[in-house]
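These numbers come from a predicted model, not from an experiment.
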Amino acid sequence: MEFLPLLLVIFASVFQGSFGLGMKFMAPLKWEAWWLIHSIFALILIPTTWAYIVVPDLFNVVTSASSEAIITAMIFGALWGIGGIMFGKSVPFIGLSLTYGIVMGVCSAAGGLIPYFTADNPTQSPAFPYVIGGVVIMLIGVAITAYAGVLKDKIQGATQGKINLKAGLTIAILSGLLSAALAIGFAKGKEIGAIAESAGAIARNGSLAIWVVVLWGGFVVNAGYSLFLLAKNNTWSSFSTPQASKAYMWSIGAALLWFGALGIYGQGATLMGKIGDVIAWPIMLGLSLIVGNLWAYLNKEWENAKKPFNIMLLGVLVIIIAVIIMSYSKTVG
């Protein structure tokens, strides 16, 4: 059973690294229309339905939690939503590969270390050097992978014409910090999970009740931004665009993969115990970066970029080493 929590997190990373495929098939829908549908399913319908099935008396469980736990979880969910919007704003300044690398690196480190250092006497834990070492090595692996992506973009001529490094880096770093709020919100909502368990849910399923609350906050921001763009750009007619059924299917499919990743991650992190709040998040994000690059390779996005591809493989190796170290930290923690 000790291997099950890690296996769940690895499985979650496959979903997390794959959901972005759906974003390649937005046409003929406008982004804001596609994203609103995606948000409704990913942040409300799918998590609530799943939790309703496995958590007895779900709505009573949620309303039984303290106002502080509910509001805190929702606030962190909303902060994550803002981080996602800032990700999109950073890309035009520094390119997709560099933005993705910075956001993933900052998000994985902050999402793991902030819960760790808010615990009691974290530096006294025997797991401390392994946790810190694993996160640092993970950051190095993500940085190497991001560098490979930047080189690939240059070779393939995909780099943006107007580069504003200062603005792009600032927004990307803030995006990474705010995106980590999803993991922090999950950690802060443990009271909700405990109530779900007392109501009869098994430990790993209690985590789903936490996500229901956290993602309400995320939905407010994501849906609000989509509605703002629909009104600003007057693109309401996009919903009735002919031959848009395929785009709708990809939007819902991406939502299934995205929350599938979070739901399974939450189960794995819960089964890991207290250390799960620390190591599961960077492990999932690091491995999902590998999965995402695997899909990119299969889609021939690394074509004619042999040197960057080899550098990317080095980054993958470093990430795997980091995962092993952080996994080992659980045995000494």
Side-chain angles (χ1 to χ4, degrees), residues 16 19-20 22-23 26 29-52 55 58-90 103 107 110-111 114 171 174-193 195-196 207-236 238-239 248 251-252 254-263 265-266 281:
Q16 178 70 18
F19 93 92
M23 300 180 72
M26 288 186 175
L29 289 177
K30 295 295 185 181
W31 180 91
E32 50 267 34
W34 191 97
W35 196 255
L36 181 60
I37 299 299
H38 175 78
S39 297
I40 291 171
F41 278 87
L43 306 182
I44 298 295
L45 295 182
I46 296 172
T48 303
T49 301
W50 188 359
Y52 184 80
V55 177
L58 172 65
F59 298 111
N60 188 51
V61 164
V62 171
T63 55
S64 296
S66 67
S67 298
E68 181 182 356
I70 294 172
I71 293 171
T72 301
M74 289 182 66
I75 287 174
F76 278 105
L79 290 173
W80 160 78
I82 296 171
I85 293 170
M86 294 183 75
F87 177 94
K89 297 298 182 183
S90 178
V103 172
C107 182
I114 291 176
I171 297 171
L174 286 173
S175 173
L177 288 171
L178 290 171
S179 296
L182 201 60
I184 300 168
F186 179 79
K188 295 290 185 182
K190 285 301 177 71
E191 177 192 321
I192 302 166
I195 295 173
S207 63
L208 293 165
I210 303 174
W211 285 129
V212 169
V213 178
V214 173
L215 295 179
W216 282 346
F219 177 75
V220 169
V221 173
N222 279 273
Y225 184 62
S226 298
L227 290 169
F228 167 75
L229 290 179
L230 284 164
K232 177 185 176 184
N233 300 328
N234 194 24
T235 47
W236 300 100
S238 178
F239 289 109
Y248 279 117
S251 179
I252 297 169
L256 283 166
L257 288 171
W258 185 83
F259 185 72
L262 274 195
Y265 153 81
W281 185 254

Worksheet item: Roughly how far, to the nearest 0.5 Å, is CE of Met26 from OG of Ser238?
Response: 11.0 Å
Worksheet entry | Heavy-atom pair of closest approach, residues Thr48 and Leu58 | O-CD2, 3.8 Å
Discussion item. How long is the straight-line distance from CG of Leu182 back to OG of Ser179, given to the nearest 0.5 Å?
Written reply: 8.5 Å
Discussion item. Using side-chain contact (heavy atoms from CB on, under 4.5 Å), reason through Leu262 and Leu215 one step at a time and then give a plain yes or no.
Written reply: CA-CA 11 Å; Leu262 274 195; Leu215 295 179; 4.3 Å; yes
Response to the item:
Minimal heavy-atom distance between Leu79 and Ala181, with the atoms involved, is CB-CB, 3.8 Å
Item to complete: Would you please indicate yes or no on a ring centroid separation below 6.0 angstrom for Trp281 and Phe186?
Response: no
Fill in: Heavy-atom side-chain contact between Leu229 and Trp31 under 4.5 Å
yes
Worksheet item: Does NZ belonging to Lys89 count more than 12 external heavy atoms closer than 6.0 Å?
Response: no
Discussion item. In the structure I gave you, are the side-chain heavy atoms of Ile46 and Trp258 within less than 4.5 Å of one another anywhere?
Written reply: no
Worksheet item: Do the two ring centres, one from Phe259 and one from Trp50, sit under 6.0 Å apart?
Response: yes
Worksheet item: Do you know the tightest heavy-atom contact between Ala209 and Val61?
Response: CB-CG1, 4.5 Å
Discussion item. Test side-chain contact (heavy atoms from CB on, under 4.5 Å) on Leu43 and Trp211; report intermediate values, then the result.
Written reply: CA-CA 9 Å; Leu43 306 182; Trp211 285 129; over 6 Å; no
Worksheet item: Can you find a heavy atom in the side chain of Ile37 that is under 4.5 Å from one in the side chain of Leu29?
Response: no
Worksheet item: If you draw a 6.0 Å radius around OH in Tyr52, do more than 12 non-hydrogen atoms from other residues or ligands fall strictly inside?
Response: no
Discussion item. Please check: side-chain N/O of Ser175 versus main-chain N/O of Gly83, any donor-acceptor pairing under 3.5 Å?
Written reply: yes
Worksheet item: Of the non-hydrogen atoms in Ala110 and Ala180, which two are nearest, and what is the gap between them?
Response: CB-CB, 3.7 Å
Discussion item. Under the side-chain hydrogen bond (donor to acceptor under 3.5 Å, both in side chains) definition, can you give me all pairs with a residue in residues 60-77, not counting sequence neighbours?
Written reply: Asp57-Asn60, Ser66-Glu191
Item to complete: Without swapping roles, check the side chain of Ser90 against the backbone of Ile171 for a donor-acceptor pair under 3.5 Å.
Response: no
Worksheet item: Measuring from Tyr225:OH to Trp35:CH2, what's the distance to the nearest 0.5 Å?
Response: 11.5 Å
Worksheet item: Which residues pass the ring pair (Phe, Tyr, Trp, His ring centres under 6.0 Å) test with Trp216, sequence neighbours left out?
Response: none
Worksheet item: Considering residues at least two apart in sequence or located in another chain, which fulfil the side chain to side chain donor-acceptor pair (under 3.5 Å) criterion with Thr49?
Response: none
Worksheet item: Hey, what do you get for CD1 (Ile184) to CD1 (Ile114), rounding to the nearest 0.5 Å?
Response: 3.5 Å
Worksheet item: Can you tell me how far CG of Leu36 sits from CG of Asn222, rounded to the nearest 0.5 angstrom?
Response: 9.5 Å
Response to the item:
Value for CE (Met86) from CG (Leu177), rounded to nearest 0.5 Å, stands at 9.5 Å
Item to complete: Check the pair Lys30 / Trp34 against side-chain contact (heavy atoms from CB on, under 4.5 Å), numbers first and verdict last.
Response: CA-CA 6 Å; Lys30 295 295 185 181; Trp34 191 97; over 6 Å; no
Worksheet item: Where do Met74 and Val214 land on the side-chain contact (heavy atoms from CB on, under 4.5 Å) test, with the steps shown first?
Response: CA-CA 5 Å; Met74 289 182 66; Val214 173; over 6 Å; no
Fill in: Val213 and Phe76, any side-chain heavy atoms less than 4.5 Å apart
no
